[in-house]
> 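One structure coming up, written as structure tokens, with questions to follow.
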2 protein chains.
Amino acid sequence: MSEGDKNTIDSVIENLISIYPLLSKSFTRSIRIKTNLNPGSLFILRILDRNGILSMSEIGCKLSMPKPHVTAQVDKLIVENMVERLVDPSDRRIVNIKLTKKGKIDFESIKVQISHEMRQSIETLDEYKVKTLFESSSQLREILSEIMTENNHLQQTCFKQL
Amino acid sequence: MSEGDKNTIDSVIENLISIYPLLSKSFTRSIRIKTNLNPGSLFILRILDRNGILSMSEIGCKLSMPKPHVTAQVDKLIVENMVERLVDPSDRRIVNIKLTKKGKIDFESIKVQISHEMRQSIETLDEYKVKTLFESSSQLREILSEIMTENNHLQQTCFKQL
DNA sequence: AAATTTAGTTATACTTTTGTAACCATTTAA
DNA sequence: TTAAATGGTTACAAAAGTATAACTAAATTT
């Protein structure tokens, strides 16, 4: 690897370390204020919305969330009637989770709620910047999803890939 | 605003909501394992490294961190001899914070520590993807920094811009 | 000079997240 | 058919972040 590549990677790390708190502050506060959910259970809604059905362990793997925490968060979502547990007939130890109809509808409106300020900010940008924002966020998301597939290390190794 | 723009913004929000947990999980765990600091105090180091000297309030504004939390985190960093308090001679209410020499050195090595896994992952990517990652993270960082300048709402309004 | 505002700290309570250990039920392996 | 491994839950502890009120000291306003 050349010296230039090394510097490029340094810059990437710098950028990511800067982006993280910007996103964090933008979302977590909206989530707390505008929903009665916490960020963790919202993450679970998001991956269920994307993946359909996931087992408890798969949720924990995808979110690097300890299994006891997954249980607690899913319990909350069940109380809210946003997800449901499904016993896997082929292996009755496995508990599969999926969004309910209410969960799907609620998640859509929550997304609108928590991104309201950010949406307004983005709308003030000129067309070119919005396009740049779209492309850069798409690319970053894709590559990060690709490389962030390492296992978690929580009570047991997580073998299944994201 | 056209329907296409609205969809583009929706996609941007989707992307950002996806990127956030990926970054979060990648950094916070490394920080906890590899340093004796918490993410919050590391954020403070980062903005001090970038901005030089900042007052307590400015730190709180930039990080959307409640002032009492800033005090607590800075206290920790002072115990570690990584930052120092400087009384502002023109206004003796203001407490300015800057990195010590040790703080600068430590921060550099901490950055290497906490980004080690991510760096290794990035190194496995081909040259084109690294370039894409660099460009997209740079662009995203720049635009997010630009739009995430809203005030915090913690005990008092934060007027100064980031 | 008195009243108000601002910067920061202290104290305190609460929420969220992380982590470990122990446990049950089920499946797989010996 | 025992023994071991796996998926998940329960219980519990601790770290980290969030929030508000009350306070001191200094600056500003009136």
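These numbers come from a predicted model, not from an experiment. Letters A, B, ... are given to chains in the order of the sequence lines, protein chains preceding strands, and every chain is numbered from 1.
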> Going by number, which of residues 106-114 of chain A have a non-hydrogen atom under 4.0 Å from DNA chain D?
none
> Let me spell it out: for each of A:N38 and A:P89, pick the nucleotide of DNA chain C with the closest heavy atom. Which residue's pick is nearer the 5' end?
A:N38
> Take atom CD1 of B:I31 and atom P of C:dT17, then tell me their distance rounded to the nearest Å.
16 Å
> Which residue, A:D88 or A:H69, contacts DNA chain C at a nucleotide closer to its 5' end, judged by nearest heavy atom?
A:H69
> Among D:dG7, D:dA16, C:dG8, which nucleotide sits nearest the side chain of B:K67?
C:dG8
> Do B:K62 and B:F43 come within less than 4.5 Å of each other through their side chains, counting heavy atoms only?
no
> Pick one: which of A:V83, A:I59, A:L99 meets side-chain contact (heavy atoms from CB on, under 4.5 Å) with A:I44?
A:I59
> Any side-chain N or O of B:S57 less than 4.0 Å from the OP1 or OP2 oxygen of C:dG8?
yes
> How long is the line joining CD1 of A:I97 and C1' of D:dG7, in whole Å?
12 Å
> Any idea which of D:dT9, C:dA11, C:dA7 is nearest the A:T71 side chain?
D:dT9
> Can you tell me if B:S18 uses its side chain to pair, donor with acceptor, with the backbone of B:E14 under 3.5 Å?
yes
> Measure from CG on A:N36 to C1' on C:dT15 and round the result to the nearest Å.
14 Å
> Would you mind reading off the distance between A:L54 atom CG and D:dG8 atom P, rounded to a whole angstrom?
11 Å
> For nucleotides 24-26 of chain D, which of its nitrogen or oxygen atoms have a protein nitrogen or oxygen under 3.5 Å away, and what is each distance?
unit_1: D:dA26; atom_1: OP1; unit_2: B:R92; atom_2: NH2; d: 3.2

> Tell me: CG of B:L42 to P of D:dG17, nearest whole Å?
10 Å
> In whole angstrom, give the distance that lies between atom CE of B:M56 and atom P of C:dA7.
13 Å
> Are A:S41 and A:N38 close enough that a side-chain donor and a side-chain acceptor fall under 3.5 Å?
yes
> Looking at B:E146 and B:R141, is any side-chain nitrogen of the basic one under 4.0 Å from a carboxylate oxygen of the acidic one?
no
> Less than 4.0 angstrom between a side-chain N/O of A:K76 and OP1 or OP2 of C:dT16, yes or no?
yes
> Could you point out which residue of A:D88, A:V95, A:L86, A:N96 forms a side-chain contact (heavy atoms from CB on, under 4.5 Å) with A:S55?
A:N96
> Flag yes if more than 12 heavy atoms outside A:Q120 fall under 6.0 Å of its CD atom; otherwise flag no.
yes
> Please check the phosphate of D:dG17 (OP1 and OP2 only) for any side-chain N or O of B:Q73 closer than 4.0 Å.
yes
> Looking at A:K102 and A:E84, does any basic side-chain N land under 4.0 Å from a carboxylate oxygen?
no
> Using whole Å, what does the distance between atom C1' of nucleotide C:dT9 and atom CG of B:D75 come to?
9 Å
> Between B:N15 and A:E142, does a side-chain hydrogen bond (donor to acceptor under 3.5 Å, both in side chains) hold up when you go through it step by step?
CA-CA 9 Å; B:N15 288 333; A:E142 190 188 342; over 6 Å; no
> Using heavy atoms to find the nearest nucleotide of DNA chain D for A:T28 and A:V95 separately, return the residue whose nucleotide is more 5′.
A:V95
> To check you understand the geometry: which heavy-atom pair defines the closest contact between A:L42 and A:F107, and what is its length?
O-CE1, 4.2 Å
> Whole angstroms only, please: what is the CZ-P distance between A:R32 and C:dC14?
16 Å
